[in-house]
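Before any comments, here is the structure.
Each chain gets a letter, A, B and so on, in the order the sequences are listed, and its residues count up from 1.
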Amino acid sequence: MLHLHNTLTGNKDRFEPLVPGRVRMYVCGVTVYDYCHIGHARSALVFDVLRRYLEYSGFVVEFAKNFTDVDDKIIKRAHEQGVGCDHITDKYIQAYYEDMEKLGVGRATVEPRATEHIVDIVGLVEKLLKKGMAYRVDGDVYFQVDRYPGYGRLSKRNLDDLQAGARVDVDQRKRQPMDFALWKSSKPGEPSWDSPWGPGRPGWHIECSAMAMRHLGETFDIHGGGMDLIFPHHENEIAQSCGATGKEFARYWVHNGFVQINQEKMSKSLDNFFTIREIFSASEWPESITGEMLRYFLLTTHYRSPLDFSDQSVRESKGALNGFYDLFERLNEPAPNRGTADGSMRVVMTRTREAFAEAMDDDLNTPNAVAVLQKLRGESNKAIESGLSSKMRHAVRQEFRALGAVLGLLQPDSWQFKPQFQSVSPDERGEKTTPLSEADIAGKIAARLEAKKAKNYSLADQLRAELASHGITIEDRPDGTSRWKR
RNA sequence: GGCGCCGUACCCAAGUGGCUAAGGGAGCAGUCUGCAAAACUGCGAUGCGGCGGUUCGAACCCGCCCGGCGCCUCCA
């Protein structure tokens, strides 16, 4: 039974959807005015895994993830570049899809955009005005925070605390400093839509309420996003949604922790962020492998803990994944019809499945889930040593595939990949390496096998050293052939 | 000022009251191999930031202290 840490209650709550067998979840996506960084990747990945695990557990999942495509930063960027807002948002939505595909993050069931829901937004604002929870000032509409008695229940703050700590100049037209804009009148040159209050555009928080209600209903199961959204964004969503409907909005609030650089939050102002595409283009590994390395790295820390990003730790994920793919190679090798370890392996696989679910049920403990897979790897290698039939080898590979799929890992048949030769970076000893074609590699390997056959080991070792200087490792098989990897 | 989080081996990272403190990476030794690689076997924290306290029993609960961080403003 899945338990999720619920920010609303502060506890790990047993997860039970409102409608049995069906989960409705909404996740705050990105504001599309720039490329995504590794922090966005983490958030997207966490909810991608949550969705995968819910589906693995047998739920039908309706998953909505929005794009915020009207916003001050977008307008600013468009003005700077002398282009329309559409140009900016189209470009970065496209980039988002490209980045997420490299990370293996699947598409949501619906991916609504704020600008496509103006009618819903206007309707919601009207409802709040009618109920006396919002007020008009010139062409703007504000939500009046003290009209919603539960304000602060998500972020565990009260209005007095918030006002004492306010660091921003308060708009004097507001009745309360914490009141927030539902609708903003547009200045010339800004995107605008007609409304009962004149031409304008939606405030930031209202879009998520409107879109979630449109696609998932007034009350739904899970609402997610980064921890920095707890206040004010999600607090405001709750106030305006519950204020409008009189019903609970989302039942479980799930928030992921930050990615940090040297123990500090990644942010634009500190200029310490890495975009997803930067990481991929700087990687010496092929895209599919870089994607899996990153995914493994991000999932080996619990989603609510801070995670320190470094090249070093991502590289270390490569070492950990190598072990799996080396095992898969062995599982593919010819094997007898019966193996002495077949029976015990069956038991191991059953236990593995249970332990995996137990880890994931515990608030999506992916580091533990990965540890379970690592244990299965060890057990599988031992079983191969003592004798595992080809049928069981196939079953073991399927088990890795099935559990790996929940994490989005271990799907390729092999890591015998085509390396990228274009730009090989200097290796760690500082030696310059030169590009090596695949034909060169094959040639050297063939030459080395010849030398070995002739027992000319010094030549064979020299050829192996040459390949090693290009980061290529040779592995001699018992059948007299050699395979290689980077 | 308010709210909150983190500190576990060389590195990453689970564990949050009771079996020998998971797992991975790196390292060392051994088996195998022409030598390697891979695999297997073994080694590796008498201790979980520090000091007190509660308890039959604490990394886990409480208090204080030290160190680091986040939110309270746009932010995944």
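- Distance, A/Leu449 CG to B/rG34 P: 14 Å, rounded to whole Å.
- When each of B/rA39, B/rG24, B/rA14 is scored by its nearest atom to the side-chain atoms of A/Tyr296, the top-ranked nucleotide is B/rG24.
- Listed candidates were B/rA13, B/rG24, B/rG34. Nearest to the side chain of A/Tyr457 is B/rG34.
- Side-chain polar atoms of A/Glu207 and A/Thr68 form a donor-acceptor pair below 3.5 angstrom.
- B/rC35 and B/rC43: their P atoms are spaced 26 Å apart (whole Å).
- Taking atom CZ of A/Arg157 as the reference point, atom C1' of B/rG4 lies 8 Å away to the nearest angstrom.
- Of the residues near RNA chain B, A/Asp71 and A/Gln260, the one whose nearest nucleotide (by heavy atom distance) lies more toward the 5' end is A/Gln260.
- Of the candidate nucleotides B/rG23, B/rA39, B/rG34, B/rA39 has the atom nearest to the side chain of A/Glu385.
- Taking only side-chain atoms of A/Phe231, from C-beta outward, the nucleotide of B/rA13, B/rA76, B/rC71 with the closest atom is B/rC71.
- For the residue pair A/Tyr148/A/Arg153, the side-chain donor-acceptor check at 3.5 Å is satisfied.
- Of the side-chain N and O atoms in A/Thr300, none sit less than 4.0 angstrom from OP1 or OP2 of B/rA13.
- The side chain of A/Arg477 places no N or O atom within less than 4.0 Å of a non-bridging phosphate oxygen (OP1 or OP2) of B/rA36.
- Taking only distance into account, the side chain of A/Asp461 meets the base of B/rG34 through a donor-acceptor pair shorter than 3.5 Å.
- Interatomic distance, A/Asp99 CG to A/Cys36 SG, rounded to the nearest 0.5 Å: 6.0 Å.
- Among the atoms of the strands shown, only primed sugar atoms or phosphate atoms (P, OP1, OP2) are found under 4.0 Å from some heavy atom of A/Gly378.
- Among the protein residues, A/Arg304 comes within range of no part of the nucleic acid, since none of its heavy atoms lies under 4.0 Å from any strand.
- The existence of a salt bridge linking A/Glu292 and A/Lys318 is excluded, since no basic side-chain nitrogen approaches an acidic carboxylate oxygen closer than 4.0 Å.
- Within residues 25-39 of chain A, the residues approached by RNA chain B to less than 4.0 Å at the level of any non-hydrogen atom are A/Gly29, A/His37, A/Gly39, in residue-number order.
- Each of B/rA76, B/rA37, B/rA14 was ranked by its minimum atom distance to the side chain of A/Thr473; first place goes to B/rA37.
- Between the side chains of A/Glu111 and A/Asn66, no donor-acceptor pair of N or O atoms lies under 3.5 Å.
- Counting only heavy atoms from C-beta on, A/His40 has its side chain closest to B/rA76 among B/rA76, B/rC71, B/rA14.
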Subject >> Trace of the salt bridge (Lys or Arg N to Asp or Glu O under 4.0 Å) decision for A/Arg42 with A/Asp48 >> reply: CA-CA 10 Å; A/Arg42 185 183 194 192; A/Asp48 180 61; over 6 Å; no
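- Using modelled atom types, one side-chain atom of A/Glu235 and one backbone atom of A/Leu154 make a donor-acceptor pair closer than 3.5 Å.
- Candidate nucleotides B/rA22, B/rG24, B/rA14 were compared by shortest atom distance to the side chain of A/His302, and B/rA14 ranks first.
- Of the candidates B/rA39, B/rC72, B/rC35, B/rC35 carries the atom nearest the A/Arg464 side chain, counting heavy atoms from C-beta on.
- Taking the C1' atom of each, B/rC5 and B/rA9 are spaced 24 Å apart, rounded to whole Å.
- At B/rC71, one or more side-chain N or O atoms of A/Lys265 fall inside 4.0 Å of OP1 or OP2 (strictly under the cut-off).
- Salt bridge status for A/Arg304 with A/Asp363: present, with a side-chain N to carboxylate O gap under 4.0 Å.
- Straight-line distance between the P atoms of B/rA22 and B/rG42: roughly 14 Å, to the nearest whole Å.
- To the nearest 0.5 Å, the span separating CD on A/Glu237 from SG on A/Cys28 amounts to 5.0 Å.
- Comparing A/Ala371 and A/His233 by the nucleotide of RNA chain B whose heavy atom lies nearest to each, the residue mapping closer to the 5' end is A/Ala371.
- Separating the P atom of B/rG27 from that of B/rA38 is a span of 10 Å, rounded to the nearest Å.
- Between B/rU55 and B/rG47, the distance separating the two P atoms is 24 Å to the nearest Å.
- Nucleotides B/rU8 and B/rG49 have their P atoms positioned 6 Å apart, rounded to a whole Å.
- Using a 4.0 Å heavy-atom criterion, one finds that A/Ile474 contacts the bases of the nucleic acid, with or without backbone contacts as well.
- B/rC66 and B/rG25 have their P atoms separated by 39 Å, given to the nearest Å.
- Aromatic rings from A/His205 and A/Phe180 are positioned such that their centres are separated by under 6.0 Å.
- Between B/rC74, B/rG23, B/rG24, one nucleotide has an atom nearer to the side chain of A/Arg377 than all others, and that is B/rG24.
- Between A/Arg330 and A/Glu385 a salt bridge is recorded (basic side-chain N to carboxylate O distance below 4.0 Å).
- The shortest distance between the side-chain N/O atoms of A/Asn365 and the OP1/OP2 oxygens of B/rG15 is below 4.0 Å.
- A/Tyr26 and A/Phe220 have tilted rings, their planes meeting at an angle from 30° to 60° on a 0 to 90° scale.
- Within the structure, every side-chain polar atom (N or O) of A/Arg483 is placed at least 4.0 Å from both OP1 and OP2 of B/rA38.
- Counting any heavy atom pair closer than 4.0 Å across all strands shown, A/Lys455 reaches no nucleic acid atom.
- The gap from the C1' atom of B/rC11 to that of B/rC19 amounts to 29 Å, rounded to the nearest Å.
- Distance from the side chain of A/Lys382 is smallest to B/rC40 among B/rC72, B/rG25, B/rC40.
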Original post:
Pairing of RNA chain B as dot-bracket, 5' to 3': ( ) intra-strand, [ ] crossing, | other strand, . unpaired, with Watson-Crick or G-U pairs under 3.5 Å?
Top reply: ((((((((.[[[..)..(....]]].(((((.......))))).....[[[[[..)....]]]]])))))))....
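- Dashed line: the shortest gap from a side-chain N or O of A/Lys76 to OP1 or OP2 of B/rC74 is not under 4.0 Å.
- Applying the 3.5 Å distance criterion, the base of B/rC72 shares no donor-acceptor pair with the side chain of A/Asp228.
- OP1 and OP2 of B/rA76 both lie 4.0 Å or more from every side-chain N or O belonging to A/Asn256.
- Aromatic ring centres of A/Phe400 and A/Phe328: separated by under 6.0 Å.
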